[in-house]
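Input: a single structure, listed below in structure tokens.
Note that ligands are numbered from 1 as they come in the structure, with each ligand's atoms numbered from 1 the same way. Computed from heavy atoms alone, side chains included, the values below leave out hydrogens, waters and symmetry copies. These numbers come from a predicted model, not from an experiment.
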Amino acid sequence: MHGAWFDHRMSDLRIRAARPGDLDTVLDFWKTAAEGTSISDDRDGVERLLARDPEAMLLAERDGELVGTVIAGFDGWRCHLYRLAVHPGHRRRGIATALLAAAEERFVRLGGRRADAMVLQRNETAHRAWGAAGYGPEEHWRRWVKPLGA
Ligand SMILES: CC(C)(COP(=O)(O)OP(=O)(O)OC[C@H]1O[C@@H](n2cnc3c(N)ncnc32)[C@H](O)[C@@H]1OP(=O)(O)O)[C@@H](O)C(=O)NCCC(=O)NCCS
């Protein structure tokens, strides 16, 4: 049964993979729910993600309304989590916890061994949420980046 692994239910919470038709709603959602913006926060960016990995973006819905997102990206080597965001009116109800559980289940199913996330130093709420889910910082790393095709 395709996709049954992400059909988590927590009371009326449903977690499922995003489909192309969800993407405008997701982009709007991030404007109010996400922390900052990402370089890939546009139609092209999210379409490319789903074209490459149709199950990478997980949505949490309550009564059909989008209340949370996370991207669970696995490239065959590393398991990266991006865009963990919960609607401000639905926080502290375990939605991020449920999204991360679904993402981790996906990673394990695909053979992933360790999950990671980029977390801003100043985002203390996120530190608490990631910490509660079992993640911890590795202080000896810095992200080194180079914009491509500028
Ligand atoms: C961070 C975020 C995703 C957490 O979502 P959430 O659904 O509220 O998290 P949960 O309800 O699953 O919280 C799980 C645990 O994390 C910790 N936690 C979460 N938010 C917290 C807060 N504001 N203060 C203290 N602890 C918090 C608690 O231990 C909590 O368990 P508890 O409620 O039983 O005490 C949400 O606050 C958010 O969307 N913030 C803006 C976007 C963002 O910063 N994303 C992270 C980017 S790295």
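Between Tyr135 and Asp116 the shortest side-chain heavy-atom distance does not fall below 4.5 Å. Put simply, the side chain of Asp22 does not reach to within 4.5 Å of the side chain of Met57, judged on heavy atoms. A heavy-atom distance below 4.5 Å is found between the side chains of Val145 and Arg143. The side-chain heavy atoms of Val46 and Trp30, taken from C-beta on, include a pair separated by under 4.5 Å. Arg78 places none of its side-chain heavy atoms less than 4.5 Å from the side chain of Arg113. Considering only heavy atoms from C-beta on, Arg16 stays 4.5 Å or farther from Leu58 through its side chain.
Those atoms of ligand 1 with a heavy atom of Gly94 less than 4.0 angstrom away are 10 (P), 11 (O), 12 (O). Counting the atoms of ligand 1 from 1 in the order shown, those under 4.0 Å from a heavy atom of Met118 are 48 (S). Each of the atoms 39 (O), 41 (C), 42 (C) of ligand 1 lies under 4.0 Å from some heavy atom of Ala33. For ligand 1, the atoms closer than 4.0 angstrom to any heavy atom of Ala132 are 15 (C), 16 (O), 29 (O). Set against the non-hydrogen atoms of Glu35, the atoms of ligand 1 under 4.0 Å away are 42 (C), 43 (C), 44 (O). Interface atoms of ligand 1 facing Trp130, defined by a heavy-atom separation under 4.0 Å, are 48 (S).
Of the protein's non-hydrogen atoms, Arg92 NH1, 3.5 Å is the one closest to atom 25 (C) of ligand 1. Scanning all protein heavy atoms for the shortest distance to atom 37 (O) of ligand 1 gives Arg91 CD, 3.3 Å. Taking atom 16 (O) of ligand 1 as the reference point, the nearest protein heavy-atom neighbour is Ala129 CA, 3.3 Å. Closest to atom 39 (O) of ligand 1, if we only count protein heavy atoms, is Val86 N, 2.8 Å. Protein heavy atom in closest approach to atom 45 (N) of ligand 1: Leu84 O, 2.7 Å. With respect to atom 23 (N) of ligand 1, the closest heavy atom belonging to the protein is Thr125 CG2, 3.3 Å. Given atom 12 (O) of ligand 1, the protein heavy atom at minimum distance is Thr97 OG1, 2.6 Å.
Between Ala34 and ligand 1, no pair of N/O atoms sits closer than 3.5 Å. Polar contact with ligand 1: absent for Ala85 (N/O pair, distance under 3.5 Å).
Contacts of Asn123 with ligand 1, taken as heavy-atom pairs under 4.0 Å, involve the side chain alone. Of all the heavy atoms of Ala96, the ones lying under 4.0 Å from any atom of ligand 1 are found in both the backbone and the side chain.
Within 6.0 Å of CD1 in Ile39 there are 12 or fewer heavy atoms belonging to other residues, nucleotides or ligands.
Using a 4.0 Å threshold on non-hydrogen atoms, atom 34 (O) of ligand 1 does not count as touching the protein. Inside a 4.0 Å radius of atom 2 (C) of ligand 1 there is not any protein heavy atom.
Residues satisfying the side chain to side chain donor-acceptor pair (under 3.5 Å) test with His87, not counting sequence neighbours, are none. Looking at residues two or more places apart in sequence or on another chain, you find no salt bridge (charged side-chain N to carboxylate O under 4.0 Å, His left out) involving Asp75.
One distance of note links CZ of Arg62 with CZ of Arg14; it measures 14.0 Å at 0.5 Å rounding. Taking CZ from Arg114 and SG from Cys79, the interatomic distance works out to 9.0 Å, rounded to the nearest 0.5 Å.
Residue contacts with ligand 1: Ala117 is excluded, as none of its non-hydrogen atoms falls under 4.0 Å. The closest approach between any non-hydrogen atom of Glu124 and ligand 1 is not below 4.0 Å.
Nearest to atom 17 (C) of ligand 1 by heavy atom, out of His90, Arg128, Arg93, is Arg128.
Only one option out of Val26, Val67, Leu99, Thr25 pairs with Leu59 in a side-chain contact (heavy atoms from CB on, under 4.5 Å); it is Val26. With Val119 as the fixed residue, the side-chain contact (heavy atoms from CB on, under 4.5 Å) test singles out one of His127, Glu35, Glu124: His127.
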